[in-house]
Q: 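Let me begin by handing over the structure; questions about it come next.
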2 protein chains.
Amino acid sequence: MSQIPLARRSPIPPENCNLARAIELIGDRWTMLILRAALYGVRRFDDFQSELKCPRTVLSGRLKTLVDAGLLTKRAYKVPGKRARPEYVLSAMGISLRPILIGLTQWGDVWLGQGEPPPISFTKAGSKGAIRAAFVDAEGREVRPDQIRAVLRG
Amino acid sequence: MSQIPLARRSPIPPENCNLARAIELIGDRWTMLILRAALYGVRRFDDFQSELKCPRTVLSGRLKTLVDAGLLTKRAYKVPGKRARPEYVLSAMGISLRPILIGLTQWGDVWLGQGEPPPISFTKAGSKGAIRAAFVDAEGREVRPDQIRAVLRG
DNA sequence: CTGAAAGGGTTCGCTTTCTAAATCCAGAGG
DNA sequence: CCTCTGGATTTAGAAAGCGAACCCTTTCAG
């Protein structure tokens, strides 16, 4: 049943594991929902708020954390006749989470979709077939899940 | 700078988005750390506890949630001469999160690694080069991030 | 036949975080 | 000036997190 052999401990202690660090940073309901919205193009405080329906205190705290961590960049935008306001746009660091959230979307489509077809799918520009998250080698060829091997440094 | 066009709302309301549902389920610090450990082979209550150093109350609650959601399966194991104990093993649903957590590991290696080489890397069985999370089309060929297009159903 | 050990929890208070609602604040327009 | 609007902070109560202690069952040792 389980392909994963029993272990009493993970091979890497969580306190110097980059996965654990990433979880520490973005492994939070509101933070992830903020990133989801940001990847769809939402940038403004009130837009986030009406999208997420989260407390404004939490939103402003999370935005600050994400800016400090470098995932979002705070900059001013100005609609003519209105005062300048800040907006929160994804940095390269934030945008590079996109494959992960798309992967999680597709995982949700499979396991949590309640039998309905997925409301959003992803294709390659100019073609029609769906694409999916997978692993590739240096040449860009797919590696099947059962062929993945973990290698510890040291 | 930002390739993502401004939006006031996400195209899919969070309440029927499978990504939002997935975040609801696993988008939590302890839950994700439990899954991380489980993917490394940890199965037993006390092993999780000494790995994560989280309150036992929180651990037992999260394990219950994950079993109820179908990510973990609770079953008995028996060491000869000891009493039978439950263990928590990943189901197919849980194992299929592996690419996502590996992807997040690699994201952390790039952005949170503090310049150090990653403590763990991933290769294809029988070869040496590193593999990475990416998108592939139906034929298993890589699709570059800038070629990804989202398609709404409807 | 006691008694301790070991794994897997629950109970119990205390602290932190979340949440909702109200309030503040700065600048543009009238 | 007075108001409107988007971005945030304050405040007080609810929920969740936390550490320590305790409980429960079986197994082994004396």
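Every chain is numbered from 1 and lettered A, B, ... according to where its sequence line falls, protein lines coming before strand lines.
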Q: Which ones in residues 76-86 of chain B lie close to DNA chain D, meaning a heavy atom under 4.0 Å from one of its atoms?
A: B:Gly81, B:Lys82, B:Arg83
Q: Report which part of the nucleic acid A:Tyr88 touches: base, sugar-phosphate, or nothing (heavy-atom distance under 4.0 Å, all strands).
A: sugar-phosphate
Q: Does any residue of residues 52-60 of chain B have a heavy atom under 4.0 Å from DNA chain C, and if so, which ones, in number order?
A: B:Arg56, B:Thr57, B:Ser60
Q: Find the distance B:Arg43:CZ to C:dG8:P and express it as a whole number of Å.
A: 13 Å
Q: Given atom CG of A:Asp28 and atom P of C:dT17, what is their separation to the nearest angstrom?
A: 12 Å
Q: Report yes if the side chains of B:Leu63 and B:Phe45 come closer than 4.5 Å at any heavy-atom pair, otherwise no.
A: yes
Q: Send over the distance from B:Arg44 CZ to C:dG9 P, rounded to a whole Å.
A: 13 Å
Q: CZ of A:Arg29 versus P of C:dT17: gap in Å, rounded?
A: 18 Å
Q: Is the shortest heavy-atom distance from the side chain of B:Arg56 to the side chain of B:Asp46 under 4.5 Å?
A: yes
Q: Walk along DNA chain D from 5' to 3' and tell me the first and last nucleotide with an atom closer than 4.0 Å to a non-hydrogen atom of chain B.
A: D:dG17 to D:dC28
Q: Are B:Trp30 and B:Leu97 connected in the hydrophobic side-chain network, where two residues link if heavy atoms are under 4.5 Å apart?
A: yes
Q: In this structure, how many angstroms lie between the P atom of C:dA6 and the CD atom of B:Gln49, rounded?
A: 16 Å
Q: Check for a donor-acceptor pair, side chain of A:Ser91 on one end and backbone N or O of A:Gly70 on the other, with a separation under 3.5 Å.
A: yes
Q: Could you tell me the separation between the CZ atom of A:Arg141 and the CD1 atom of B:Ile131, rounded to the nearest 0.5 Å?
A: 12.5 Å
Q: Taking NZ, NE, NH1 and NH2 as the nitrogens, is one of them in A:Glu87 or A:Lys78 under 4.0 Å from a carboxylate oxygen of the other?
A: no
Q: Check for me whether A:Arg44 meets the cation-pi criterion with A:Tyr77, that is, NZ or CZ under 6.0 Å from the six-membered ring centre and within 45 degrees of the ring axis.
A: yes
Q: Do B:Leu19 and A:Met32 come within less than 4.5 Å of each other through their side chains, counting heavy atoms only?
A: no
Q: For the pair made of NZ in B:Lys64 and C1' in C:dG8, what is the distance, rounded to whole Å?
A: 11 Å
Q: Could you check how far CG of A:Leu33 sits from C1' of C:dT19, rounded to whole Å?
A: 16 Å
Q: Determine, for A:Lys74 against A:Asp68, whether the closest basic-nitrogen to carboxylate-oxygen distance falls under 4.0 angstrom.
A: no
Q: Over how many whole Å does the gap from B:Phe48 atom CZ to C:dG9 atom C1' extend?
A: 15 Å
Q: Between B:Arg21 and B:Glu15, is there a side-chain N and carboxylate O pair less than 4.0 Å apart?
A: no
Q: I'd like to know if A:Arg62 and A:Asp28 make a salt bridge, using a cut-off of under 4.0 Å between side-chain N and carboxylate O.
A: yes
